[in-house]
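These notes concern the structure reproduced below.
Order of listing sets the numbers, starting from 1, for every ligand and every atom in it. By convention here, the first residue in the shown sequence is residue 1.
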Amino acid sequence: MASIVDPNAPNPALLAQAAILERPASEERRMADAIRALAMDAVEKAKSGHPGMPMGMADVATALFTRFLKYDAADPRWPDRDRFVLSAGHGSMLLYALLHLTGHAGMGIDELKNFRQLHSPAAGHPEYGYHPAIETTTGPLGQGISTAVGMALAERHLAARFGKSLVDHRTWVICSDGDLQEGVSHEAASLAGHLGLEKLTVLWDDNHISIDGDTALSFSEDVLKRFQAYGWATKRIDGHDPEQIAAAMAVAQRSKKPTIIACRTIIGFSAPKKAGTAGSHGSPLGADEISAAKSALGWNAEPFTTPEGIKARWEEAGRRAAGTRRSWLKRLAKHPMRVDFERATAGKLPENWVEPLNALRATLATEKPKLGTRIASQRALTALVPAVPEMIGGSADLTGSNNTDVKGIASITPGNYAGRYVHYGIREHGMAAAMNGMALHGGIIPYSGTFLVFADYMRPSIRLAALMHQRVIHVLTHDSIGLGEDGPTHQPVETIASLRAIPNLAVFRPADAMETAECWELALRRTEGPSVLALSRQALPALRDDAGENRCARGGYVLAEAEGARDVTLVATGSEVHLAMNARQTLVAQGVQAAVVSLPSWELFAQQDEAYRAATLGEAPRIGIEAALGFGWERWLGTNSAFIGMTGFGASAPADHLFEHFGITPAAIVAAATKLLTKDGSK
Ligand SMILES: Cc1ncc(C[n+]2csc(CCOP(=O)(O)OP(=O)(O)O)c2C)c(N)n1
Ligand SMILES: [Mg+2]
């Protein structure tokens, strides 16, 4: 088969490289070469990593970090800093070299020598939390740029809330071909264009190379035209020409639209054989190629060293905005909204925020309403959103179904960012990534919704939120066959189990309005990671009339104890808890002592001490009930047990017919208990 790209053709990139290397080496070029040298050295020492991207983008990154990016190496968490996202996370040495050269504490030469080793802040890909200047974890292509959209939106909203004197910064992204091929970036870029996030600038490493070779193998659209159609400003430059780079960045700073700059670069720039080829993408160049590359650059310094003059220039760049930061601190000190600003950016909830929710819980205890938990969630939001100004809601075009909106709360619209509700459109993945960016930016607690079954469309971003310990809350409604007629495409059966498999994600499946309010409180208090609220479409009876202690806080609890010694324990979640309560009544009438345990959050329950868990689950045979697959239930059920739930996909029919058809009914629970106890010999 004829290949689109002839692998034996002479590499034009090497000719272009020779021409660039003939130009007199400016100070900027020498500063960029310091990045190239460190990237080559660190990857060589680690015997793994990606030298090509840092070597190709070194000139662009140098212009950004010496002339445009607002940051102070002395305080990388300064709230009004520009955000810099290295979306092409495989090029992590670019970021580490920049942090090292600009004088950031905690990224000394020893850290670079430990690139990709255990406990090094210079991990294989940038990891949020490993160093304060790493704004987000990147590596899964497409996530960084989409997360940056959320950061840029957060900036616009907080500027509207607190004013320009406190919030006025830009978001800069370096991305690669892979970032722009991934679908999530299409969703996020479309949203950014629609909302007009003018302070977002994407620097695209347009090097025409990915792992399989020339991007022409798989990528032929006009990317800039695509971005123009999204409503972005675009620019195409030579990514090795400092004047063109600076001119384009200056234009981006004045742009009234988000901007993407296609920076035509040579991957692995300076490597005499591997430059311009996929060979420089993801493996050490080798001693000979490195030595030839350094001599082509005129770089004579020992490995892992930067000539003093060049290092001094870089450190000066790291202090460039120190004065700007000091003036900002002075403005903050005198600002009438200082206390609120500091509280919001620290992620602390306002004093008394929980009181309206407690009032709601008291009402629910007396009214005992029969509600879908999605409606109960809206009642909780009606109490919470006015009390917690950091909460920014939204939905992926299912507002009326997810019930994520609150009366009187305005939407964010293009050019007006003061609202607190985002119409994300049908862009679940982009939404979840942007929510991560909003949380990472600080000052915002993002929540939003879609159907539970579409969690799969957001999974890579939910996983990152869990990995990064971000408080992001997903309201996922229509959580079982209980949604009825829309049928098996819309009925999650494996979704809850798959979400429970993600470490550090809290999955809540409340049983009634009271539990829903309690789970909302827990999700908001959970600063160490994301939460999912799995909520029913169908109405559920109230099961609780106590509004004191938040009983969901322990993840599981005895909702109804047996009259005497337990014969059987019915363990259920969400919409199946009331079925268990129903079955309990019949069993009691038959002389079987049944207890009901509600288990709204497996993660919180697993954190309780052994004694509490043992007392809750009891020693009697157990029956698990959940309108989903039984995958994972063995964890709570033990050997002498049964599970009532789904065994495959659902079907299209009214919900009550489906529960009947799939045998998830009080009668089925009673039958299972009888069978279990007969087998057990105890009855
Ligand atoms: C979602 C995802 N899929 C696959 C990969 C593996 N991977 C790492 S880099 C890369 C592509 C490299 O091409 P490009 O993005 O153009 O980066 P460059 O080689 O130019 O640095 C791939 C497929 C990944 N990191 N993320
Ligand atoms: Mg590329």
Exactly one of Arg264, Arg236, Lys235 should register a salt bridge (Lys or Arg N to Asp or Glu O under 4.0 Å) with Asp206. Which one does? Arg236
Return the residue, atom name and 0.1 Å-rounded distance of the protein heavy atom closest to atom 24 (C) of ligand 1. Gly139 O, 3.6 Å
What protein heavy atom sits nearest atom 19 (O) of ligand 1, and how far away is it? His281 ND1, 2.6 Å
In the protein, which heavy atom is nearest to atom 23 (C) of ligand 1, and how far is it? Ile211 CD1, 3.8 Å
Any idea which part of Ile209 is under 4.0 Å from ligand 1, heavy-atom wise: side chain, backbone, both or neither? backbone
What is the closest protein heavy atom to atom 3 (N) of ligand 1, and at what distance does it sit? Glu182 OE2, 3.8 Å
At less than 2.8 Å, would any N/O/S atom of Asn207, backbone or side chain, sit next to the Mg ion (ligand 2)? yes
Is there a side-chain contact between Val43 and Phe115, using heavy atoms and a 4.5 Å cut-off? yes
For atom 20 (O) of ligand 1, what's the nearest protein heavy atom and its distance? Asn207 ND2, 2.6 Å
Sidechain N-carboxylate O distance under 4.0 Å for Arg30, Asp59: no
Minimum non-hydrogen distance to atom 18 (P) of ligand 1, winning option of Met53, His90, Gln181: His90
Starting from atom 26 (N) of ligand 1, what is the nearest protein heavy atom, named by residue and atom, and what distance separates them? Leu141 N, 3.1 Å
Between the side chains of Asp33 and Arg29, is the shortest nitrogen-to-carboxylate-oxygen separation below 4.0 Å, so that they form an ion pair? yes
Donor-acceptor contact present, side-chain Ser395 to main-chain Leu398, <3.5 Å: yes
How about Glu302: does its CD atom have over 12 heavy atoms from other parts shown lying under 6.0 Å from it? no
Distance-only donor-acceptor check, side chains His423 and Asp397, under 3.5 Å: no
Got the closest protein heavy atom to atom 15 (O) of ligand 1, with its distance? Ser176 OG, 2.6 Å
With side chains defined as the heavy atoms from C-beta onward, is the minimum distance between Tyr96 and Met107 less than 4.5 Å? yes
The closest protein heavy-atom partner of atom 13 (O) of ligand 1 is Ser210 CB, 3.1 Å
Tell me whether Ile209 has at least one N, O or S atom under 2.8 Å from the Mg ion (ligand 2). yes
Would you say ligand 1 has an N or O under 3.5 Å from any N or O of Asp205? no
Quick check on contacts: which atoms of ligand 1 are under 4.0 angstrom from a heavy atom of Asp177? 15 (O), 16 (O)
Restricting Asp177 to its N/O/S atoms, the closest one to the Mg ion (ligand 2) is OD2
Is a donor from one side chain sitting under 3.5 angstrom from an acceptor on the other, for Asp177 and Trp204? yes
